[in-house]
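These notes concern the structure reproduced below.
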There are 2 protein chains.
Amino acid sequence: MATPLEKARKDPDSMKARILHKARLIFGQYGFHGATTRMIAEEVGIDISTLYYHWGEKSDLYEAVILDINEDLRTRLLEVEDIIHGMPIEKRLSISLDLMTEYLFDHAEVSNLILFRYFAKTRDESALDFHVPEVVTDIARSLGLAKDRKSITNEIRMQVLGLMNAIHNFVSGENFFRSMLKIPREEYIALAKETIQFLLLPAFAGTRPNGGRIEERNSAKSVEKNSKA
Amino acid sequence: MATPLEKARKDPDSMKARILHKARLIFGQYGFHGATTRMIAEEVGIDISTLYYHWGEKSDLYEAVILDINEDLRTRLLEVEDIIHGMPIEKRLSISLDLMTEYLFDHAEVSNLILFRYFAKTRDESALDFHVPEVVTDIARSLGLAKDRKSITNEIRMQVLGLMNAIHNFVSGENFFRSMLKIPREEYIALAKETIQFLLLPAFAGTRPNGGRIEERNSAKSVEKNSKA
DNA sequence: CATTGTTTCCAACAATCGATGGAAAACTAA
DNA sequence: TTAGTTTTCCATCGATTGTTGGAAACAATG
C-alpha cells in the first residue's frame with residue numbers, strides 16, 4: 001500500500017485509477033512523446049495540475065502505466081496457464097494463442113504499449129529506462145517448450161517472442177490492416193485468430209523433421225509453483 | 001524531376017538527399033512526435049532553417065521519408081522476386097524471408113518506420129494521412145500464394161502481413177531483445193533468421209492436413225510484367 | 001462550529017516545439 | 001568584375017509542451 005500504482009490498482013474508482021486508465025489508452029495510441037499530459041487530463045475531465053498532483057512527472061505516470069499493463073498481462077497469463085495445464089503441447093499452444101488474442105483485442109492498449117516499448121526510442125532515455133521483468137521465460141515453461149527455467153535456450157526465447165509479437169501485431173495493427181481489408185471488426189478478429197493459428201501452429205506440431213527443440217508434454221506440474229515472481 | 005523527393009533520390013549527395021537520409025534514421029528511431037526538426041538538422045550538421053528551405057513542413061519531410069522507404073522496399077522486393085522466380089514454393093518462401101531479413105537488418109529504419117505507421121496514431125491525423133500503395137498483393141503473387149491479383153483473398157493478405165511483420169519485429173526489436181538475450185549483433189541476426197524460418201516455414205510446407213490454401217508453383221511469368229506500379 | 005488535512009482548479013512559468021523573415025554567404029553566368 | 005540566383009544561417013516569433021505555486025473547494029476530526 002505504498003506506491004501510487006498499488007493504491008490505484010486497489011481502488012479502481014479512485015482518481016488515481018481513473019487517470020491511470022485513461023493514460024493507458026492515450027499513451028497506447030500516441031506513444032510517450034505523442035501523448036501529452038493535457039490530452040490525458042482532458043480525457044479524464046480534470047485539470048492538468050490534478051494529474052500532476054497524483055502522479056508527478058509525465059515519465060512517472062508512464063512508468064506506472066507500463067508496470068500496470070505488465071501486471072495485468074501476467075495475471076492473464078497465469079489464468080491461461082491454469083486452463084491449458086495438462087493438455088498436450090499442440091492444444092496448449094493453440095488455446096493459449098486464442099485466449100491471449102481474445103484478451104488483447106479487448107485491451108488493445110496493452111499490445112500497443114508493449115510494441116512501443118520494443119521499438120521506439122525516447123529523447124530522454126534515462127528517465128524511462130526502468131526494468132520490467134520479462135515474462136518470456138514463464139511463457140516458455142507454461143507452454144512446455146522447456147522443462148524448467150534453466151533449460152530455456154535463446155532459441156526458445158526467440159520463438160516465444162515471435163509468438164507474442166504475432167498477436168500484438170494483429171491487435172495493434174487493427175486500424176491500419178482493417179482499412180486495408182475493408183472488413184468489420186468482428187470479422188477481422190476472427191481472421192486474425194485464424195491466421196495466427198495457421199502461421200504458427202505447424203511449427204510446433206509433434207512430428208517435424210527439423211528443429212526438434214520442443215518437449216513432448218507433461219513435464220511441469222512440479223515447477224508449477226514458482227510461477228509467482 | 002518535379003517533386004523534392006525525386007530530386008533527392010536522383011542526386012544522393014545533394015543537401016536534400018542528406019537531410020532525407022538522416023530524417024529516415026531519426027524518424028525511425030523516435031517516431032513522428034519523438035523526432036524534432038532540430039534533431040534532424042543537427043544530425044546533418046546544418047541549421048534548422050536550411051531543413052525547412054528544402055523540405056517545408058515537418059509533416060512534408062515525414063511524408064517524403066515514408067514514400068522513400070516504400071520505394072526502396074519495393075525495389076528490393078522486385079530484386080528478390082527475380083531471384084526466387086521459378087523455384088518451388090518452399091524455397092521461394094525460405095529464400096525470400098532470408099533475403100528480406102538480411103536487407104532490413106541493414107536498413108533497420110525501414111522496419112521501424114513501417115511499424116510506426118502501422119501502430120502509432122498522430123495528433124494531427126489529417127496531415128499524415130497520405131496513402132501509400134500496399135505491397136502485400138505483390139508479395140502474395142510473387143510468393144505464389146495466389147495465381148493473380150484477383151484471386152488474392154483476405155486470408156492470404158493476412159498471412160503475408162504476418163510474414164512481413166515477423167521480420168519487422170525482430171529487426172526493430174533488436175535493441176530490446178538483444179539486451180534480453182545478451183548476445184552480440186551477428187549472433188542475434190543469425191538467431192532471428194533461424195527463428196523466422198522455424199516459425200513460419202512449416203505453415204507453408206507442401207503436405208499439410210489443414211488449410212491447404214496455397215498454390216503449388218509456377219503460375220506467374222505472365223503476370224510478371226505489371227509489377228511496376 | 002473551527003481546524004486540519006486532502007483534493008481540485010486557475011494562472012502562470014520556463015523550456016522547447018514548429019516555423020519564418022531577412023541578411024549574409026556561396027554559387028552561376030555574363 | 002558584376003549582376004543575379006540559389007543556398008545557408010542568425011535571430012526571432014507564436015504555440016505548445018511539461019511543470020509548479022497558491023488559492024479555493026472539499027472532507028474529516030476535534
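Residue numbering restarts at 1 for every chain, and letters A, B, ... go by the order of the sequence lines.
The distance from atom OH of A:Y62 to atom C1' of D:dG18 is 17 Å, rounded to the nearest whole Å. In this structure, A:D47 places its CG atom 16 Å from P of D:dA24, rounding to the nearest Å. Here C:dA23 presents its P atom at 17 Å from OH of B:Y53, a figure rounded to the nearest Å. With rounding to whole Å, B:K7 atom NZ is found 11 Å from D:dT6 atom C1'. When rounded to the nearest whole Å, the span between CG of A:D124 and C1' of C:dA15 equals 14 Å. Atom CZ in A:R123 sits roughly 12 Å away from atom C1' in C:dA15 (whole-Å rounding). If you measure from atom CD1 of A:I40 to atom P of D:dT19, you get 11 Å, rounded to the nearest angstrom. At whole-Å resolution of the value, CG in B:L51 and P in C:dT20 are 12 Å apart.
Across all strands shown, B:A35 has heavy atoms under 4.0 Å from sugar-phosphate atoms exclusively, and none from any base. At the heavy-atom level, A:I48 lies under 4.0 Å from base atoms of the strands shown.
Between A:R38 and D:dA15 there is no side-chain N or O to OP1 or OP2 distance below 4.0 Å. For the OP1/OP2 pair of D:dG18 and a distance below 4.0 Å, the side-chain nitrogens and oxygens of A:T37 include at least one atom meeting the criterion. Contact check, B:H54 against D:dT8: a side-chain N or O comes under 4.0 Å of OP1 or OP2. At the phosphate of C:dC9, neither OP1 nor OP2 sits under 4.0 Å from any side-chain N or O atom of A:S49. OP1 and OP2 of D:dT20 both lie 4.0 Å or more from every side-chain N or O belonging to A:Y52.
Listed candidates were C:dT8, D:dC9, D:dG18. Nearest to the side chain of A:K58 is D:dG18.
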Query raised in the report: How far apart are the C-alpha atoms of A:D72 and A:H107, what are their side-chain angles, what is the distance that settles it, and do they pass the side-chain contact (heavy atoms from CB on, under 4.5 Å) test?
Result: CA-CA 10 Å; A:D72 282 2; A:H107 308 271; over 6 Å; no
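Checked against B:H54 for a side-chain hydrogen bond (donor to acceptor under 3.5 Å, both in side chains), the options B:K16, B:R18, B:K7 give a single hit: B:K16.
The minimum heavy-atom distance between B:I19 and B:I40, with the atom names listed, is O-CG2, 4.2 Å.
For A:N112 and A:Q29, the side-chain atoms include no donor-acceptor pair closer than 3.5 Å.
Take the nearest nucleotide of DNA chain C for A:R18 and for B:M39: the residue whose nucleotide is more 5' is A:R18.
A salt bridge links B:K193 to B:E102: one of the charged nitrogens lies within less than 4.0 Å of a carboxylate oxygen.
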